[in-house]
There are 2 protein chains.
Amino acid sequence: MKETDDIRPTTSAPQQIDAMDRRILAALVEDATVSYADLGKRVGLSAPAAHERVKRLKRSGVIQRMAALIEPKAVGKGLLAFVHVDTRGWGKSPALMAVANYPEVEEVHSVAGDTCMLLKVRTENTHALEGLLAQIYDAPGVLATRSYVVLSTYLERPPQPGITASWPRPKASLPVAAAQ
Amino acid sequence: MKETDDIRPTTSAPQQIDAMDRRILAALVEDATVSYADLGKRVGLSAPAAHERVKRLKRSGVIQRMAALIEPKAVGKGLLAFVHVDTRGWGKSPALMAVANYPEVEEVHSVAGDTCMLLKVRTENTHALEGLLAQIYDAPGVLATRSYVVLSTYLERPPQPGITASWPRPKASLPVAAAQ
DNA sequence: GATAATGGCCGAATGATGTTAGGTATCAAT
DNA sequence: ATTGATACCTAACATCATTCGGCCATTATC
């Protein structure tokens with residue numbers, strides 16, 4: 001399993017991803033432990049050919065890395081919440097970005113809309129969430145936060161390689177003049 | 001790499017996760033392609049011992065699966081957005097849940113707060129987002145949606161095994177009576 | 001239109017790694 | 001003290017990743 005070729009994170013993918021690459025990606029996103037022989041069989045390639053493709057996808061940065069997906073509840077993170085942070089001025093202050101160092105913080109985005117920053121956090125309970133929120137409030141320029149505590153998660157998965165080619169026409173849309 | 005032991009998704013983890021398991025999880029979340037020899041070296045175990053631990057973590061469901069993490073932009077998903085969906089009645093209608101079949105939809109949660117459902121979606125552009133929103137609106141009972149389009153992502157990672165033992169006291173908090 | 005060059009693939013051989021087996025130490029309960 | 005269970009180790013084996021050489025298709029060049 002030693003990747004002798006250096007996987008240096010080169011600049012973003014220059015070449016195009018074809019249908020074969022997409023099938024390989026789909027398989028690896030679902031299960032990254034398949035042998036190259038099985039992977040090749042699934043997509044219609046030999047093991048070395050599949051390996052060569054995967055190596056290229058890694059080198060080009062399309063495959064960032066292989067990761068173990070763990071069950072949050074098992075590691076003491078039963079509470080998931082999305083935190084919207086309203087900030088004065090420009091929200092990306094170093095003090096606010098420092099919360100990314102906590103392992104409870106999984107995502108930090110700046111968003112367009114009525115709020116500046118959006119965090120996805122996972123804590124053991126509401127008490128720990130309060131402790132994290134206190135850290136967020138502690139950052140200068142933070143005006144307010146709104147937390148959306150997740151009650152149930154129906155779907156949660158990493159980025160998928162598939163894309164929807166054409167979106168269905170809405171069937172129950174309001175009549176619009178000149179809707180082509 | 002063939003896991004001869006069946007990894008049947010048994011009921012949730014019965015036994016406790018110790019510090020060694022946490023270190024193994026931390027290593028595998030970062031890079032699931034390490035050899036068991038390297039993994040053992042990193043956490044202070046032999047290769048078979050590390051393997052045994054990993055096998056147990058998989059069987060107990062702590063490790064759900066190994067997945068390839070791909071760069072969304074490389075597969076034509078440069079636009080990330082969080083969509084809040086307000087619904088009349090109980091939001092979990094089959095028609096709304098059907099949007100989970102689109103590969104653009106990565107997360108579906110029901111949340112507490114002023115909205116009922118929260119989706120994380122990744123599309124190629126705003127036009128595709130519009131097509132997806134049309135599908136959401138098409139579900140009966142959907143009153144309104146609010147979309148937060150991500151401008152920049154500063155952090156995005158899968159669930160981490162680490163937990164913060166004690167949260168720092170906020171340094172700039174308002175004086176509170178009898179704050180112990 | 002012939003030919004060289006490139007890219008992608010395959011089959012087979014080799015080396016690294018996953019995996020099993022057997023044995024030892026530690027700890028808890030009998 | 002003895003038994004049983006658990007977790008670990010070393011060593012051997014089986015499997016797989018990886019490399020190599022050659023083949024075929026396509027494209028560029030003469």
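The salt bridge (Lys or Arg N to Asp or Glu O under 4.0 Å) analysis of residues 152-163 of chain A, with sequence neighbours excluded, yields the pairs A:K120-A:E156, A:R122-A:E156.
For A:H109, the ring pair (Phe, Tyr, Trp, His ring centres under 6.0 Å) criterion is met by B:F82, not counting sequence neighbours. Residues forming a salt bridge (charged side-chain N to carboxylate O under 4.0 Å, His left out) with B:R53 (at least two apart in sequence, or on another chain): B:D18, B:D21.
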Considering only nitrogen or oxygen atoms on both sides, find all protein atoms under 3.5 Å from nucleotides 6-12 of chain C and state each distance.
from: C:dC9; atom 1: OP1; to: A:R53; atom 2: NE; distance (Å): 3.4
from: C:dC9; atom 1: OP1; to: A:R53; atom 2: NH2; distance (Å): 2.7
from: C:dC9; atom 1: OP2; to: A:R53; atom 2: NE; distance (Å): 3.4
from: C:dC10; atom 1: OP2; to: A:S46; atom 2: N; distance (Å): 2.5
from: C:dC10; atom 1: OP2; to: A:S46; atom 2: OG; distance (Å): 2.7

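Between the NZ atom of A:K41 and the C1' atom of D:dA17 there is a distance of 15 Å, given to the nearest Å. The interatomic distance linking B:Y36 (OH) with D:dC9 (P) rounds to 15 Å, in whole Å. Per the geometry, CD1 belonging to B:I17 stands 12 Å off P belonging to D:dA7, to the nearest Å.
Across A:M66 and A:A32, no two heavy atoms sit closer than the pair SD-CB, 3.8 Å.
Regarding contacts with the backbone of D:dT18, a side-chain N or O of A:H51 is found under 4.0 angstrom from either OP1 or OP2.
By the 4.5 Å side-chain criterion applied to Ile, Leu, Val, Met, Phe, Trp and Tyr, A:I163 is assigned to no cluster and stands alone. Applying the under-4.5 Å side-chain rule to Ile, Leu, Val, Met, Phe, Trp and Tyr, the cluster around B:L69 consists of that residue alone.
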